[in-house]
There are 2 protein chains.
Amino acid sequence: MTAMAEELSLRERKKRETRQRISDAAMGLFMRHGFDKVTVAEVARAADVSVNTVFNYFKTKEELFLDRRDTAEEFLAELVRNRAPGVSAVRAIRDDFLDAVRTRHWRYGFNPGADWWHQMVADSPALTAAVTRLHEARQEKLAAALADEADADPDDLTPRLVAAQICATLIVLTEQAHRRRRAGEAWEDILADTEKKAERAFDLLEHGIGDYPERVR
Amino acid sequence: MTAMAEELSLRERKKRETRQRISDAAMGLFMRHGFDKVTVAEVARAADVSVNTVFNYFKTKEELFLDRRDTAEEFLAELVRNRAPGVSAVRAIRDDFLDAVRTRHWRYGFNPGADWWHQMVADSPALTAAVTRLHEARQEKLAAALADEADADPDDLTPRLVAAQICATLIVLTEQAHRRRRAGEAWEDILADTEKKAERAFDLLEHGIGDYPERVR
DNA sequence: CCACAATTTTTCAGTGACTACAAATTTGGT
DNA sequence: ACCAAATTTGTAGTCACTGAAAAATTGTGG
C-alpha cells in the first residue's frame, strides 16, 4: 500500500481519463457540427471507446453536453443561505445578478463565450428540455433553502411561490439577452440594457405586479 | 358538385374517422398500461392501421396523448383580453382560477377525472417535457396579450415578466394539488385547502414577495 | 510472479421512436 | 370506366438506449 489517501488508484485515474476523453471528444464534435448532427457512435469513435462505454459514463446524450454544467443547481440556494444578515433573499439574488451582469460573469451566462452554448441549446429541442429540467432542479433547491430560512411549514406554499417567481424573473432576463444575441445585437449593448431591465424586473418582483396593465407603472 | 359547404367530402370524413380511431385506441391503451409501456406499433395494431399512418396524423407519440389537450394555449390570453373593464389581468385570472377551484372545473385540471392524467404525465419524463412545452406556449400567448393590452414597446420586458410570474404561480398551485393527490390525500380536502392557498398566492403575486423571508408576512 | 477476484470494456443482439421513399390503394371528378 | 390526386402501406433504414455475456484490465494475497 504505497498510495496515500490523496492519490488515486490506477483504476480510478484511468476512469477519469476515459470520462474526460469522451467529454472532450463530444464537445469538440458538438462545437464543430452541432448537437443534433453528431451521433453517439461518432463520439465513441473519436474518443476511441465503444458506444456502451459512453453510456456507461453518461446516462444520456444530453449529459455529454451538460457535463460541465455551468448551471450549478445549488447556486441560488447557497446564495440565499450565505446572504448577509438583514438582507432579504430577493435582494441577495438581485445584487448578485446585477454584479454578474456588470462583470460579465459566467454564473448567469453573461460571459462572452456563452454565446455558442446558448445557441446550441436553442437549436436542439432535446437540449432545451434538459436545460429546463436543470432549471427546475435549481428552483426546487432554492425553494428548500427559502423554506429553511423562513422555517416554514412543509405545506406552506410561500417558499415555493417565491422561488418560482425569482426563477421566472431570472429566466426571462437571461432568455431575453440571449434572444437578442442570436438576433445579432452586440453583446455589450445587450448587457448595458439588461442592467437597466434587471432593476425594473426586480422591482416588479419585490413590489408585485399589482394591477398591470391597468395602471401605467 | 352535390355537396353543400357544411358537408364533408368522403375523404375528409374518413380522415377524421381514422384520426379519431387512432386517438381512441391510443388513449385506451395508455389508460390500461401507462404511456411508456405502450408502443406506437401497438397503437397502430389496435387502430388497425400501419405505424406510418399513426405518424402521418401525429408527429410524435406525445401528441397522441395530448390530442385532446385540456391545456388550451390561448386560454389565459383570451381571459385577459376579455376581462371586464377596470379589472386588472391578475385579478381576471385570479377570479377565474378561484372559480374553477370552487366549481371543480377542468380548465385548470381540477376535475375529478384529471387524476390519472396528471399521474400519467408525472410518470413519464417524455410527457412531462411535452407538457412543459405547452406551458411555455401558453405563457408566451399570455405575454403577447399583456403586451397588447398595455400597448408596450416590443423591447419592454414587463409583459413577459408579468406573464412568467402569473404562470409560475398557477403551476405551483396546480402542481401542489396534484402532488398531494398522488400522495393519497382526498380530492375534496385538497381543493378546499387550495382555495385558501390560492388567495395567499395571488396576494403575493399582486403585492410582491417583498423581503421574504426576513419579515414574517 | 502467479492465481484469483473485482471491475471495466467490449461485443452481440436487441427495442422502439421516427424518417424517407416507392408501391399499392382509395377517392374525386369526368 | 378512366385518370389524377390524396392517402395508406411496405420496406428499409437511422439513432438513442438497454441487457447480458464474453473479454480485457486491474487489485490482492500468497
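In what follows, every chain begins at residue 1, and chains take the letters A, B, ... in the order their sequences are listed.
Screening A:Trp117, A:Trp116, A:Phe30 for a ring pair (Phe, Tyr, Trp, His ring centres under 6.0 Å) involving A:Phe35 leaves a single residue, A:Phe30.
A salt bridge does not link B:Arg200 with B:Glu195: none of the charged nitrogens is closer than 4.0 Å to a carboxylate oxygen. Ion pair A:Arg107/A:Asp96 flagged as a salt bridge, since at least one NZ, NE, NH1 or NH2 atom sits closer than 4.0 Å to an Asp/Glu carboxylate oxygen. With respect to the salt-bridge test (charged N to carboxylate O, under 4.0 angstrom), the residues B:Lys141 and B:Glu74 qualify.
Judged by the 6.0 Å and 45° rule, A:Arg21 forms no cation-pi pair with A:Tyr57.
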Could you go step by step and tell me if A:Thr158 and A:Asp156 meet the side-chain hydrogen bond (donor to acceptor under 3.5 Å, both in side chains) rule?
CA-CA 6 Å; A:Thr158 316; A:Asp156 183 4; 2.7 Å; yes

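DNA chain C is contacted by B:Val38, B:Thr39, B:Val40, B:Asn52, B:Phe55 of residues 38-57 of chain B, taking any non-hydrogen atom closer than 4.0 Å.
Between B:Glu17 atom CD and C:dT26 atom P there is a gap of 15 Å when expressed in whole angstrom units. Summarising the geometry, the separation between NZ on B:Lys61 and P on C:dT15 is reported as 15 Å, rounded to the nearest angstrom. One can place CZ of A:Phe65 at 15 Å from P of D:dA16, the figure rounded to the nearest angstrom. Going from atom CG of B:Asp36 over to atom P of C:dG16 covers 12 Å, rounded to whole Å. If you take CD1 of B:Ile22 and C1' of D:dT9, they are 13 Å apart, rounded to a whole angstrom. Protein atom CZ of B:Arg16 is 16 Å distant from nucleotide atom C1' of D:dT7, rounded to whole Å. Atom CZ of B:Phe58 is separated from atom P of C:dG16 by 21 Å (rounded to the nearest Å). One can place CD of B:Glu63 at 13 Å from C1' of C:dC18, the figure rounded to the nearest angstrom.
Between A:Lys15 and B:Ser9, the residue whose closest nucleotide on DNA chain C is further toward the 5' end is A:Lys15.
Checking C:dC18, D:dC17, C:dT7 against the side-chain heavy atoms of A:Arg11 singles out C:dT7 as nearest.
Aromatic ring pairs are classed by plane angle as parallel below 30°, tilted from 30° to 60° and perpendicular above 60°; the pair B:Phe97 and B:Tyr108 is perpendicular.
One finds a side-chain N or O of B:Lys14 lying less than 4.0 angstrom from the OP1 or OP2 phosphate oxygen of C:dT27. A sub-4.0 Å separation between OP1 or OP2 of D:dT7 and a side-chain N or O of B:Thr18 is absent.
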